[in-house]
4 protein chains.
Amino acid sequence: MPPTVTKALKPRKTPSQSRSRVTVDAIYEATIQVLLSQGMVGLTTTGVAERAGVSVGSMYQYFPNKQALVYALNDRFLTRLAERVEETCARMLGRPIAEATDALIDTYWAVKTERPELTRALYRSVAELDNDALIYAFAARVDRATTDMFRHAPDIPDDEVEQTNLLLTTVIYGSVRNAFERGLGPQEIAVLKTGLKAMCQDHLRSIGS
Amino acid sequence: MPPTVTKALKPRKTPSQSRSRVTVDAIYEATIQVLLSQGMVGLTTTGVAERAGVSVGSMYQYFPNKQALVYALNDRFLTRLAERVEETCARMLGRPIAEATDALIDTYWAVKTERPELTRALYRSVAELDNDALIYAFAARVDRATTDMFRHAPDIPDDEVEQTNLLLTTVIYGSVRNAFERGLGPQEIAVLKTGLKAMCQDHLRSIGS
Amino acid sequence: MPPTVTKALKPRKTPSQSRSRVTVDAIYEATIQVLLSQGMVGLTTTGVAERAGVSVGSMYQYFPNKQALVYALNDRFLTRLAERVEETCARMLGRPIAEATDALIDTYWAVKTERPELTRALYRSVAELDNDALIYAFAARVDRATTDMFRHAPDIPDDEVEQTNLLLTTVIYGSVRNAFERGLGPQEIAVLKTGLKAMCQDHLRSIGS
Amino acid sequence: MPPTVTKALKPRKTPSQSRSRVTVDAIYEATIQVLLSQGMVGLTTTGVAERAGVSVGSMYQYFPNKQALVYALNDRFLTRLAERVEETCARMLGRPIAEATDALIDTYWAVKTERPELTRALYRSVAELDNDALIYAFAARVDRATTDMFRHAPDIPDDEVEQTNLLLTTVIYGSVRNAFERGLGPQEIAVLKTGLKAMCQDHLRSIGS
DNA sequence: CATGAATGAGAGTTCATTCAT
DNA sequence: GATGAATGAACTCTCATTCAT
């Protein structure tokens, strides 16, 4: 059911010259700024270009259309996220499942905490259809990493890996997202993190016996 | 941080005459149809009016502007959701916390399952800023109901109610949402539900001792 | 080899209400004015709308895009032309070929003379690809009429009709067009008309014997 | 009524160095390619430069603006055409008018047949106003040649030369153009050529007596 | 001289909203 | 009240042209 990309959404060219690099980076940053301050609705091409101190024409030299801007942002963000998760999973290969899960939560939480507003802004931007494909792709990528991690854990039977992975990731990702969308204070956030970890541990202990 | 409403978003009047009622309902339904088939981007006033078999002018008789349409939809949906939760909470007043939690999950899950695509469409529509206020309001309302339920549970100390409520609701709402956004099959969905319930029970048992 | 139409080029709706009629007519006339004074290059949607005393939005209510404007103009013009030719052909059914040819030249010449600048402007506008289809269609229509006329002439063998028709129409249409494109004075034009008629007569006499 | 040139349309300099020569030729050829494949609408400066394997900047070294490109193309083509006609006329000096006319038709037809699509493309490009001047100039040049040829024919009275020239050239040029614009097959084209020649001969015989 | 990134005026098009009928 | 034609600000995107490197 993953939707198909109907438009060119990738940057026209990977910028290598220094001048281009600066321009592209300015555009990225401007897109984030505008997205945060005006939201998806207020994200206009001229607005972004202006904020980036660049002409519209220049922008279109690197991004074939408006969607490509947001797409690129999501791509960057998700790539970073996926890399982080993969890193963690690699580091936790062979460790007991409880430890692995804890590490996963830590990693996920950390990424979200780094630029929380950007995270929220991006979640919303996904409404523009074509990004769905991107999301699915990254979900699959991350899924592969965590599944692998769990499969190598010494304390979980092979035939439970899939199911456990599905449950844990769904609960973790969903809870983390929700935690950050509720506009809570840092204290409550901290409490939630501890609670989530506890819940997972309790459950793992319960099925482990 | 809750955003403030800057526009008139409510329907101009509560329609009481029968003819109006029909018109308004047609508009509601048309909005849903368009939202589902075209997404937020393709939701135009003329499009909705046409689908509803009503003139744009008439539509503006009942909804002062485009946002009001989506606002009303969210309002309806959230009201129904809140009522259902409140109902459950009332029914579970005084019951042990494990039972109460189970019932909460069942209720929440049931509401989502009823019109899953509409649910997703609405989630996305929230991107239009002003609906945030609505969401916050309903979150608070539902929170009051669940807190109340947990406070009357015989097996939980008063000073843990707030925390437990925050954790459980965050995890439940987040997980349920995530479960439905992943585009999973019914089997996996069912597995997830069972798993989520188990996790909550395990945790409650753990802190209960 | 006739090109295919790739866009909607026809007016959105045939205007029936009086207000619409006025609007559409104003747009037609404005398009002609702009086409004559600025040429195809200077024909902008806002320019036409302004000249017509109408908002761009209104224009787009009746014409789905810029091309449709020119398309409509060509359509109108060619329809009128075709009707005139068909009329003449009908009137000349059964007449000797010499007379028929003379009448055809007169008709064609008359149409061109009526609004010569418009004629030239339209010829040029055809450069916009999709109008080719229109041209082909009308060429075929007119061809049918003239072929029919010649077939009913008493003084031409059946197996020469096709060829004679092709030659005469090619020469007549081409010559008339060229005559008007050279920017000649009325005197020279008149001389040309006489000369063209004479040429055709001479040839017919020659092959008739 | 001949339009006036408002912009610099000629190449900046006559290229004499060998490197320049190659560049300019590449640009010429690229312009033709693009014109044929994309039409006048798709003829962009960057597109041509790319096809020519040259930077836009370089192109502007040789052609002051976009129009100059098309202008140069027309210039080249028309010059070749004029030269061919002048050649024929020179060769036919003093020959009887019938022969001369036949040769003229042959020449004109041959030029058109050589690169028919280019011919059509150029005809269309003329829509860009300023080329009109060019056309008029060449028309006059060719006219001079043919008039001269006819004036030296032994079998036509001096006071009929002008008129005959006007008629013959108008009919020939118009018919040839039309023949090639109708999208006919080679057979029909051949028939037309024979027919056109016959018509001219018949007429000349008729006025000659 | 060559390059091609940068420019930005201006084009086509959409759509929320109004108001004469 | 109902209608839907009219409005026009705002948006996305193109492309001829320039000029620092």
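Remember, predicted model here, so these are calculated numbers, not experimental data. Per chain, numbering begins at 1; letters A, B, ... match sequence-line order.
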Does the B:Ser37 side chain pair with the main chain of B:Gln33, one donor and one acceptor, at a distance under 3.5 Å? yes
Side chain of B:Asn65 only, please: which of E:dT17, F:dA6, F:dA9 is the nearest? E:dT17
Counting distance only, does the side-chain N/O of A:Thr31 pair as donor-acceptor with the main-chain N or O of A:Ile27 below 3.5 Å? yes
CE of A:Met40 versus P of F:dT12: gap in Å, rounded? 10 Å
Distance in angstrom units between D:Tyr71 OH and F:dA16 C1', rounded: 20 Å
For A:Glu50, is the CD atom crowded, meaning more than 12 foreign heavy atoms sit under 6.0 Å from it? no
Below the 4.0 Å mark, does F:dA6 have OP1 or OP2 next to a side-chain nitrogen or oxygen of C:Tyr62? yes
Using only atom types and a distance under 3.5 Å, with no angle test, would you say the side chain of C:Asp75 pairs donor to acceptor with the backbone of C:Tyr71? no
Aromatic ring proximity A:Phe63/A:Tyr28, centre distance under 6.0 Å: yes
Taking atom P of F:dA5 as reference, at what distance in whole Å does atom CD of B:Glu50 sit? 11 Å
Toward the 5' end of DNA chain F, which comes first, C:Ser58 or A:Thr45, by nearest nucleotide? C:Ser58
So, do D:Leu69 and D:Met59 sit near enough that their side-chain heavy atoms are less than 4.5 Å apart? yes
Using the closest heavy atom to pick a nucleotide of DNA chain E for each, name whichever of A:Met59 or D:Ser55 lands nearer the 5' end. D:Ser55
How many whole angstroms separate atom CZ of A:Phe63 from atom P of F:dT14? 15 Å
Gap in Å between the two P atoms, one belonging to E:dC1 and one to F:dT21, rounded: 22 Å
Could you tell me whether A:Leu69 contacts a base, only the sugar-phosphate backbone, or nothing, with contacts defined as non-hydrogen atoms closer than 4.0 Å? nothing
Does OP1 or OP2 of E:dG10 have a side-chain N or O of C:Thr46 closer than 4.0 Å? no
First encountered from the 5' end of DNA chain F, between C:Val54 and D:Thr44: C:Val54
Note: for B:Gly57 and D:Gly57 on DNA chain E, the residue whose nearest nucleotide lies more 5' is D:Gly57
With a 4.5 Å cut-off on side-chain heavy atoms, are C:Met40 and C:Val70 touching? yes
What residues form a salt bridge (charged side-chain N to carboxylate O under 4.0 Å, His left out) with B:Glu29, not counting sequence neighbours? B:Arg115
Rounded off to whole Å, could you give me the NZ-to-P distance for the B:Lys66 and E:dT18 pair? 15 Å
Starting at the 5' end of DNA chain F, write a dot or bracket for each base, bracketing those in Watson-Crick or G-U wobble pairs whose two distances are under 3.5 Å and using | for partners on another strand. .||||||||||||||||||||
Round to a whole Å and report the spacing from CD of B:Gln61 to P of E:dC19. 14 Å
Looking only at the side chain of A:Tyr60 (C-beta and beyond, no hydrogens), which of the listed nucleotides F:dA16, F:dT12, E:dA6 gets closest? F:dT12
Whole-Å distance between F:dC13 C1' and A:Gln67 CD? 14 Å
Nearest whole angstrom, please: distance from the P of F:dA16 to the CD1 of D:Ile27. 14 Å
